[in-house]
*Asks:* 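Pasting in a structure now, in structure tokens, and then I'll have a few things to ask.
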Amino acid sequence: MMDTAKKKYGTIDEYIALYPDNVREIMEEMRRVIRECAPDAEEAIAYGIPTFKLAGKNLVHFAAYKNHIGFYPASSGIAMFKDELSAFKISTGTVRFPLNKPIPYELVRKIVIFRVKENNAG
């Protein structure tokens with residue numbers, strides 16, 4: 001897998017294109033779920049990873065790593081869904097979805113919807 005930390009990307013498409021098929025499929029599905037839940041969000045690259053921004057603020061980010069997909073819904077997104085995320089490695093603003101297990105897209109959907117409401121309220 002490529003070391004994306006040293007390269008700057010202009011678009012999410014450029015970021016996703018460098019990964020193997022299985023990882024690209026997961027990232028494209030993450031992107032589709034986020035886009036479906038946040039149709040007004042803008043795609044960007046922030047902190048060197050795919051980012052969705054809404055109302056001028058970061059909404060969520062995701063990134064590919066050797067053994068997992070990192071999903072970054074801010075600390076509030078992690079805190080709100082802490083029980084449902086308990087099967088995964090989490091930290092303050094990060095959840096790691098292992099590549100060797102199904103990605104919980106319905107949970108991603110719930111978290112993104114929560115973050116949309118949060119961004120629009122603030």
*Asks:* When you compare the side chain of R115 with that of S76, does any pair of heavy atoms fall below 4.5 Å?
*Replies:*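 Yes; the side chains approach each other to less than 4.5 Å.
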
*Asks:* Looking at E14 and G10, what are the two nearest heavy atoms and their distance?
*Replies:* OE1-N, 2.8 Å

*Asks:* Nearest 0.5 Å please: distance from the CZ atom of R35 over to the CD atom of E43.
*Replies:* 4.5 Å

*Asks:* Could you tell me whether the side chain of V112 reaches within less than 4.5 Å of the side chain of P73, counting heavy atoms only?
*Replies:*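 No - every pair of side-chain heavy atoms lies 4.5 Å or more apart.
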
*Asks:* Are P104 and F88 close enough that some pair of their side-chain heavy atoms sits under 4.5 Å apart?
*Replies:* yes

*Asks:* Is E42 atom CD crowded by more than 12 heavy atoms from other residues, nucleotides or ligands, each under 6.0 Å away?
*Replies:*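 Result for CD/E42: open.
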
*Asks:* For Y15 and Y19, take the angle between the two ring planes, folded into 0 to 90°, and tell me which bin it lands in: parallel under 30, tilted 30 to 60, perpendicular over 60.
*Replies:* tilted

*Asks:* Taking C-beta and beyond as the side chain, do T51 and N58 meet within less than 4.5 Å on heavy atoms?
*Replies:*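 Yes - at least one pair of side-chain heavy atoms lies under 4.5 Å apart.
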
*Asks:* Is there a path from Y105 to F97 through hydrophobic residues (I, L, V, M, F, W, Y) whose side chains come within less than 4.5 Å of each other?
*Replies:* yes

*Asks:* Do the non-hydrogen side-chain atoms of I45 and T11 ever get within less than 4.5 Å of each other?
*Replies:* no

*Asks:* For the CG atom of L99 and the CG atom of N22, what is their distance to the nearest 0.5 Å?
*Replies:* 7.0 Å

*Asks:* How long is the straight-line distance from CD1 of I111 back to CD1 of I34, given to the nearest 0.5 Å?
*Replies:*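 One gets 10.5 Å once the value is rounded to the nearest 0.5 Å.
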
*Asks:* Roughly how far, to the nearest 0.5 Å, is OG1 of T94 from CZ of F62?
*Replies:* 14.5 Å

*Asks:* Compare every heavy atom of H61 with every heavy atom of I49, then report the nearest pair and how far apart it is.
*Replies:* CD1-CB, 3.5 Å

*Asks:* Within the structure provided, determine whether E29 and I103 are in side-chain contact (heavy-atom separation under 4.5 Å).
*Replies:*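 Contact flag for E29/I103 side chains = no.
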
*Asks:* Please examine the side chains of I69 and V23, heavy atoms only from C-beta on, and report whether any two atoms are closer than 4.5 Å.
*Replies:*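 Yes. Closest side-chain heavy atoms under 4.5 Å.
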
*Asks:* Side chain to side chain contact (heavy atoms under 4.5 Å, CB included), that's the test. Do T92 and I78 meet it? Break it down for me.
*Replies:* CA-CA 7 Å; T92 304; I78 298 294; over 6 Å; no

*Asks:* For a quick test of reading the model, state the closest non-hydrogen atom pair linking L59 to A38 and the distance between them.
*Replies:*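 What the structure gives for the nearest pair is CD2-CB, 3.6 Å.
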
*Asks:* Can you tell whether the side chains of R32 and E36 come within less than 4.0 Å, N to carboxylate O?
*Replies:*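 A salt bridge is present here (some side-chain N lies under 4.0 Å from a carboxylate O).
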
*Asks:* I need the minimum non-hydrogen distance between L85 and G77, along with the two atoms involved.
*Replies:* CD1-O, 4.5 Å

*Asks:* Taking all heavy atoms of R24 and all of I16, pick out the closest pair and write down the distance.
*Replies:*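 Of all heavy-atom pairs spanning R24 and I16, the closest is CG-O, 3.0 Å.
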
*Asks:* Under 4.5 Å between any side-chain heavy atoms of L54 and N120, yes or no?
*Replies:* yes

*Asks:* Run the side chain to side chain contact (heavy atoms under 4.5 Å, CB included) test on E84 and K110 for me, step by step, so that the C-alpha distance in whole Å, both residues' side-chain angles and the decisive distance to 0.1 Å come before the verdict.
*Replies:* CA-CA 10 Å; E84 292 174 77; K110 288 166 54 174; 2.6 Å; yes

*Asks:* Could you report the tightest heavy-atom contact between F71 and M30, atom names first, then the distance?
*Replies:*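 Scanning both residues, the minimum pair turns out to be CD1-CE, 3.5 Å.
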
*Asks:* Just how far is it from atom NZ of K89 to atom NE2 of H68, taken to the nearest 0.5 Å?
*Replies:*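 The NE2 atom of H68 is 8.5 Å from NZ of K89, to the nearest 0.5 Å.
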
*Asks:* Just how far is it from atom CE of M27 to atom CG of D13, taken to the nearest 0.5 Å?
*Replies:* 10.5 Å

*Asks:* Do Y65 and L18 share a hydrophobic cluster (ILVMFWY, side-chain heavy atoms under 4.5 Å, transitive)?
*Replies:* yes

